[in-house]
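Worksheet for the structure shown next.
For ligands, and for the atoms within them, numbers begin at 1 and follow the listed sequence.
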Amino acid sequence: MTVLPIRITGDPVLHRVADPVLAFDEELARLVDDMFETMEAAPGVGLAAPQIGLAKRLFVYDWTDAEGVRTRGVAANPELWISPPPVGVPDDDEEEGCLSIPGERFALKRAERALLKAQDVTGEHYELEASGWLARILQHEFDHLNGILYADRLDAFGTKGVQKAIKRNKWGVEGLSWMPGVDNLED
Ligand code: NI
């Protein structure tokens, strides 16, 4: 398995609609292994294929909730239904991060519940009902497949913050990436 570099906001692959996964073969299985390893090294709780430079409708997730229940999986060609997103000013405990905007966190309201329908690494269809932070992860990763970063969903205050971070880090251009386990991204 291989840890892969993670693309940073501004790279075109992060801002386009990804293409369906067509082949559920050994190559896909290897890719998924690499994505899990990359996510674990980052570390993160979700990683979408565009973040490693592949415009494919594919993401991985790994979340352990407060009760210790672990949900780990692969979603290829996902569909996602969500409960109505709440309105209002997000709280600090709704701060979200993204490995493609490394070291930054901004608060964002998300739907409390989500229903994922997707294919696993073998092409088998499955459904996953999620609430709370797992629902948030699914919404975040699903967005990646449509070229949407959580930064695109922030309110005016958050948008200002993320724009500052992009400027400060000289992000927002093509071809930037960072290497989990190698680059130190603590701010
Ligand atoms: Ni992300």
Report task. List for me each residue that meets side-chain contact (heavy atoms from CB on, under 4.5 Å) alongside N169, sequence neighbours excluded, and say none if there are none. Result -> E104, A165, W171
Query raised in the report: Side chains of L176 and K170: does their closest heavy-atom pair fall under 4.5 Å?
Result: no
Query - Within-4.5 Å side-chain heavy-atom neighbours: L31 and I52 - result: yes
Report summary line: Rounded to the nearest 0.5 angstrom, the CG-CD1 distance for L138 and I82 is 11.0 Å
Query raised in the report: Are there any protein N/O/S atoms under 2.8 Å from the Ni ion (ligand 1), and if so, which?
Result: C98 SG, H140 NE2, H144 NE2
Report task. Can you sort out the partners of E96 under side-chain hydrogen bond (donor to acceptor under 3.5 Å, both in side chains), two or more places apart, ordered by chain and number? Result -> R110, R136, H140
Which side-chain N or O atoms in residues 125-134 pair as donor and acceptor under 3.5 Å with protein atoms at least two apart or in another chain?
from	atom 1	to	atom 2	distance (Å)
Y126	OH	Y61	OH	2.8
Y126	OH	V74	O	2.6

